[in-house]
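Working notes, beginning with the structure itself.
Hydrogens, waters and symmetry mates play no part in the numbers below; they use all other heavy atoms, side chains included.
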Amino acid sequence: MTQSRYVSVVFILAGLLPFMGCSPPAVFHDSKALPPRGWHQDSALVFESAVNDTLNLHELYLVVRNTTDYGYSNLYLFLDIEFPGHQTLRDTIECTLAERNGQWTGSGFGRIKTNEFLFRDDVWFPEEGIYTFRIHHGMRQEILEGISDAGIRIQRK
């Protein structure tokens with residue numbers, strides 16, 4: 001590599017540094033693979049996160065990976081959040097996986113696409129302890145094919 005080319009690469013990398021690492025690190029991030037034969041309606045993905053920060057606001061994301069064989073443009077999910085005091089909150093979330101023209105949303109090459117959906121913004125955890133997150137699919141099919149994994153990401157705001 002010539003010296004002028006080397007200098008150009010260094011300047012480009014230095015210019016990109018301010019844009020790297022701007023988002024705060026995830027407090028919790030976990031995904032679970034689903035069986036290749038499909039995701040049964042009664043089969044919940046369960047995640048447990050120890051929460052110690054009751055002062056700061058957080059963002060909750062749902063992470064979904066689908067194959068291009070997935071037969072729908074959207075995905076309905078039921079998310080149950082169990083608080084340390086055993087109170088449970090349930091929400092229904094619609095995730096758009098493809099545009100009206102059939103173009104897949106998300107990122108990825110080949111047959112797998114990854115989407116992150118901001119589920120809740122400005123989340124405040126009222127108490128320290130273990131929070132349990134359960135994700136069920138809410139589609140009409142009993143066994144849903146084409147979703148390869150799903151998960152949760154919690155990020156401090």
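Using a 4.5 Å cut-off on side-chain heavy atoms (C-beta onward), M139 and L75 make contact. Residues I152 and L62 are in side-chain contact: their nearest non-hydrogen atoms beyond the backbone lie under 4.5 Å apart. Between L34 and L144, the closest side-chain pair of non-hydrogen atoms is not below 4.5 Å.
Residue V63 is not grouped with residue I81 when hydrophobic side chains (ILVMFWY) are merged at heavy-atom distances under 4.5 angstrom, including chains of intermediate members. If you chain together hydrophobic residues whose side chains sit under 4.5 Å apart, L45 and F28 fall into the same group. Two different hydrophobic clusters hold Y72 and I112 under the rule that ILVMFWY side chains link at heavy-atom gaps under 4.5 Å. Residues Y61 and F47 do not share a hydrophobic cluster, defined by chaining ILVMFWY side chains whose heavy atoms lie under 4.5 Å apart.
Scanning all heavy atoms of the two residues, the minimum distance from V27 to R156 falls at CG2-N, 3.8 Å. The nearest pair of heavy atoms linking N115 to T96 is OD1-O, 4.4 Å. Pairing each heavy atom of T54 with each of E128, the nearest pair is CG2-N, 3.6 Å. Taking each heavy atom of S49 and I154 in turn, the nearest pair found is OG-CD1, 4.1 Å. Annotation for H137 and Q141: closest pair CE1-O, 2.9 Å, computed over non-hydrogen atoms. In plain terms, the two heavy atoms of R120 and V123 that are nearest each other are CB-CG2, 3.3 Å.
To the nearest 0.5 Å, atom CZ of residue F133 and atom CD of residue E48 are 10.0 Å apart. For the atom pair CG of L79 and CZ of F119, the computed distance is 4.5 Å after rounding to the nearest 0.5 Å. Taken from CG in L97 to OG1 in T68, the straight-line distance is 12.0 Å, to the nearest 0.5 Å. Rounding to the nearest 0.5 angstrom, the gap separating the OG1 atom in T114 from the CG atom in N66 is 8.0 Å. Annotation: the span from N56 atom CG to D122 atom CG amounts to 11.5 Å, rounded to 0.5 Å.
Remark: H136 pairs with no residue by the ring-ring contact (aromatic ring centres under 6.0 Å, His included) rule, at least two apart or across chains.
With hydrogens and angles ignored, the 3.5 Å screen pairs no side-chain donor or acceptor of T92 with any backbone N or O of F78. Put simply, the side chain of W124 never gets that close to the backbone of L55: no donor and acceptor are under 3.5 Å apart. No side-chain donor-acceptor contact under 3.5 Å links D69 to the backbone of G146. A donor-acceptor distance shorter than 3.5 angstrom exists from the side chain of K113 to the backbone of G108, with no hydrogens or angles considered.
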Just distance, no hydrogens or angles: give the donor-acceptor pairs under 3.5 Å from side chains in residues 82-90, sequence neighbours left out.
unit_1	atom_1	unit_2	atom_2	d
E82	OE1	R134	NH1	3.2
E82	OE2	H86	ND1	3.0
R90	NE	D80	OD1	2.6
R90	NH2	D80	OD2	3.1

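Residues in residues 28-44 take part in these side-chain hydrogen bond (donor to acceptor under 3.5 Å, both in side chains) pairs, two or more places apart or across chains: H40-E142.
Below 30°, between 30° and 60°, or above 60°: for F125 and H58 the angle between ring planes is above 60°, a perpendicular geometry.
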request  = Please report the C-alpha distance between I147 and Y70 in whole Å, then the side-chain angles of each, then the deciding distance to 0.1 Å, and finally whether the side-chain contact (heavy atoms from CB on, under 4.5 Å) criterion is met.
outcome  = CA-CA 7 Å; I147 303 296; Y70 183 67; 3.6 Å; yes
request  = Check step by step if side-chain contact (heavy atoms from CB on, under 4.5 Å) holds for V64 and L77.
outcome  = CA-CA 10 Å; V64 176; L77 297 174; 4.2 Å; yes
